[in-house]
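Please read the structure below before turning to the comments.
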Amino acid sequence: MKNIDSYTHVRGESVYLDDIPVVNGTLYAAVFDSPVAHGKIKSLDIREAAAMHGVVKIFTAKDVPGDNQIGGIIPDEELLASTHVHFCGMPIALVVAETDEAARVALKKIKVVIESLPVITDPREAKEKGELIIPSRTFQIGDTINAWHQCEYVFEGRADTNGQEHLYIETQGAYSLPQENSAIRIYSSTQGPTAVQRTTARVLNIPMHQVEVDTTRLGGGFGGKEDQATTWGVMCALATYHLKKPVKYSLQRMEDMRMTGKRHPYSSDFKIGLNKDLKIVAYEATFYQNAGAAADLSPAVMERTLFHCTNSYFVPNVKATAYSCRTNLPPNTAFRGFGGPQGMFVIEAAIAKAADALGISASVIQQKNLLQTGDEFPYGQKAESEANECWDKAVELYDLEKLQKEISDFNHSNKQYKKGMALMPICFGISFTKTMMNQARALVHVYTDGSVGVSTGAVEMGQGVNTKMLQVATNIFSIDPAKVKINSTNTYRIANTSPSAASATADLNGKATEIACKEILKRLKKVAAEEFKTSEENIDLKDEWVYANGEKTMWEWKRLVFETYFRRISLSEHGHYTPPDIHYDLKKEKGHPFAYHVYGTVIITVTIDCLRGIYEFDSVKVVHDFGNSMNTIIDIGQCEGGIVQGIGWMTMEEIVYDKEGKLLSNALSTYKVPDIYSVPKEIDIHFLATQKDNLAIFRSKAVGEPPLLYGIGAYFALRNAVKAFNPSADIPYDAPMTPEKVLMSLYHPFKK
Ligand code: LUZ
Ligand code: MOS
């Protein structure tokens with residue numbers, strides 16, 4: 001089934017935040033943000049700005065009627081700075097004007113005097129100074145202290161990964177409208193409508209039932225709108241609250257890049273020990289997470305780093321410690337993978353270092369240590385592994401031996417160009433790591449004409465979740481897709497939603513939809529059973545017809561629906577789903593946090609130009625564990641997008657802050673993202689279809705985040721290509737491997 005949004009997308013008719021027809025009297029907001037990364041506000045002068053033509057009002061911290069606080073996990077982030085600023089881009093004042101232009105012109109007239117305080121941008125420095133967001137956490141299995149004695153080889157090193165700008169095509173934004181009796185409706189480009197509702201209620205000191213948040217769709221989220229969309233919704237609502245006027249704020253790209261947090265950079269230390277057979281016996285890692293100036297989602301991201309610190313390998317002795325370090329950068333936040341990729345990169349660096357030292361291919365070590373079913377993760381969960389199946393299938397299907405030979409032949413006969421290849425197995429846990437968040441609801445109405453309306457907590461952000469929800473309803477009722485409408489995500493229809501995140505949206509909301517539909521179906525069948533004088537088990541619905549005892553009856557779907565209504569039986573249901581058997585003990589750091597894991601293996605090949613340091617990815621060949629995909633077109637799209645985004649993070653996207661905490665890569669002229677030319681020439685995705693039971697919707701495993709992890713292979717393929725040119729290259733494990741870094745390592749140190 002095609003994505004139900006493709007028709008309006010292609011015609012430009014899909015309604016994003018900035019396409020919502022504007023109500024008469026709408027005002028426009030813009031934020032005045034801190035020009036310095038850390039300091040004390042000595043004075044703030046808004047008089048000249050407030051007197052400008054078209055300016056209606058300027059709000060500051062003093063105008064917040066409730067709690068001036070937007071911190072989701074920890075209350076450590078002010079909506080508008082009151083006395084101190086903690087990062088460049090921190091909101092200080094909110095200008096509201098009759099036009100967008102007037103608001104932005106007025107920003108320039110605001111005068112602030114800030115007494116500078118010391119700026120920290122490096123997480124290791126923050127840790128040294130005791131600047132931690134939460135106490136450190138350690139995951140442990142076996143006994144690393146005694147395990148080192150059993151190791152034939154031990155290697156230590158350091159690995160760094162940089163951040164990543166979300167670069168959703170649609171920037172952040174919100175539009176709030178005053179309603180009767182002081183209620184407020186907020187259209188928000190958010191992954192988490194409930195977060196916007198809850199925080200607005202807290203900031204304005206009004207009950208949550210006064211705040212309606214409605215989200216039709218996003219032009220991309222990638223985690224950037226899991227938590228940080230809230231700010232803009234609350235800003236608009238604050239102005240609406242005071243002015244009783246509709247207020248809109250759609251951020252400009254540079255505002256968005258400057259003021260919002262990104263993927264967390266990490267700096268890490270590792271120590272790995274292997275025995276003679278190249279089995280990993282022990283692994284230790286210390287992660288320094290660059291959290292930015294406030295907690296945001298950093299504690300949860302840090303936790304997912306620990307959960308993924310051994311990737312898809314079984315290691316009997318592990319000790320991994322993580323620190324969430326407070327720096328003077330915009331608070332870093334969720335980004336597809338949510339700390340998992342950062343954790344995986346470190347063990348892959350450790351394996352690469354060992355392989356280099358032993359003069360073998362990293363794939364030899366990788367293959368020998370893949371998880372088997374029954375193996376225990378450091379957090380106590382037992383694996384239901386597809387790691388070996390994916391790996392073996394990739395090796396066989398894509399003929400690894402032949403590929404390796406082609407590459408070595410190419411490298412022998414070419415001086416200026418070199419090829420490199422890497423294999424990368426992946427493993428990603430599906431569920432919110434906070435067990436409580438794994439719940440969802442769906443509201444299904446069957447109307448008397450036989451059409452169906454479905455509302456869930458799922459937010460459509462381009463990932464195709466609405467199509468999947470529609471498939472669930474049409475499948476259970478066995479009706480034409482045209483009969484089903486998926487409604488906008490709205491806090492008045494579905495309450496207390498978890499954000500659309502953690503790759504779990506289709507599973508959680510799909511299962512809730514399934515539960516609601518099945519309940520209605522049961523009632524429909526009861527009516528049919530009475531009419532056709534048989535039992536409910538003997539009633540079937542197929543292609544909009546009622547069958548009794550296997551025989552087609554006179555009733556079609558529409559008639560059945562109307563007869564049910566005529567008997568005064570409810571045609572609506574609110575379904576609630578929570579995955580069974582997941583739990584976690586924070587004291588022991590053990591449990592069963594994930595409903596299941598997703599596995600896969602990629603073989604990725606790159607060609608570098610050894611004169612210029614530029615490169616092209618020749619091919620990305622994947623065997624991915626989809627379970628039983630319910631929509632192969634959408635799932636391939638998620639894989640392709642995730643792979644390209646992962647390659648971008650690992651190879652070209654370079655976030656640069658200066659020592660003063662100012663973002664230098666602050667526009668698309670200075671921040672390079674993958675474009676159509678940098679997409680690998682070939683992306684081949686093989687579906688590892690398994691018949692095993694799992695907790696995914698229709699056994700179709702979650703697909704949002706896992707494919708991003710394949711991008712890590714790109715980094716190691718590049719390293720291998722550089723080594724083919726300069727075997728003595730001493731390349732730090734420091735991603736992204738930009739063309740500049742490739743060029744430097746090709747010739748440094750250069751012995752020949
Ligand atoms: N968001 C969250 C996530 O709140 N918890 C998670 O475990 C998670 N995982 C991935 C992406 N977003
Ligand atoms: Mo996400 S990183 O699943 O919002």
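Residue numbers count from 1 along this sequence. Each ligand, and each atom within it, is numbered from 1 in the order the structure gives.
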**Asked** With the threshold set at 4.0 Å, does a side-chain nitrogen-carboxylate oxygen contact exist between Asp625 and Lys692?
**Response** no
**Asked** In chain order, what residues pass the side-chain hydrogen bond (donor to acceptor under 3.5 Å, both in side chains) check against Tyr596, with sequence neighbours excluded?
**Response** Asp507
**Request:** Tell me, please: is Arg336 in heavy-atom contact with ligand 1, that is, under 4.0 Å?
**Result:** no
**Prompt:** Could Asp5 and Arg217 be called an ion pair, given the rule that one side-chain N must be under 4.0 Å from one carboxylate O?
**Reply:** yes
**Item:** Subset of ligand 1 atoms that lie under 4.0 Å from at least one heavy atom of Glu705
**Value:** 10 (C), 11 (C)
**Message:** Under the side chain to side chain donor-acceptor pair (under 3.5 Å) definition, can you give me all pairs with a residue in residues 455-464, not counting sequence neighbours?
**Reply:** Ser455-Asn487, Ser455-Arg493
**Asked** Any idea which part of Phe432 is under 4.0 Å from ligand 1, heavy-atom wise: side chain, backbone, both or neither?
**Response** both
**Asked** Any N or O on Arg304 sitting closer than 3.5 Å to an N or O of ligand 1?
**Response** yes
**Request:** Please confirm whether Glu226 comes under 4.0 Å of ligand 1, counting heavy atoms of the residue only.
**Result:** yes
**Distance filter under 4.0 Å to Met437 heavy atoms, resulting ligand 1 atoms** = 4 (O)
**Prompt:** Looking only at heavy atoms of Glu303, does any of them come nearer than 4.0 Å to an atom of ligand 1?
**Reply:** no
**Item:** Centroid-centroid distance, Tyr715 to Phe345, less than 6.0 Å
**Value:** yes
**Item:** Atoms of ligand 1, numbered as shown, that sit under 4.0 Å from any heavy atom of Ala501
**Value:** 12 (N)
**Arg137/Glu589 ion pair, N-O < 4.0 Å** = yes
**Prompt:** Are Phe222 and Phe338 an aromatic pair by the rule of ring centers under 6.0 Å?
**Reply:** no
**Request:** Would you mind telling me if ligand 1 is within reach of the side chain of Ala334, the backbone, both or neither, using heavy atoms under 4.0 Å?
**Result:** neither
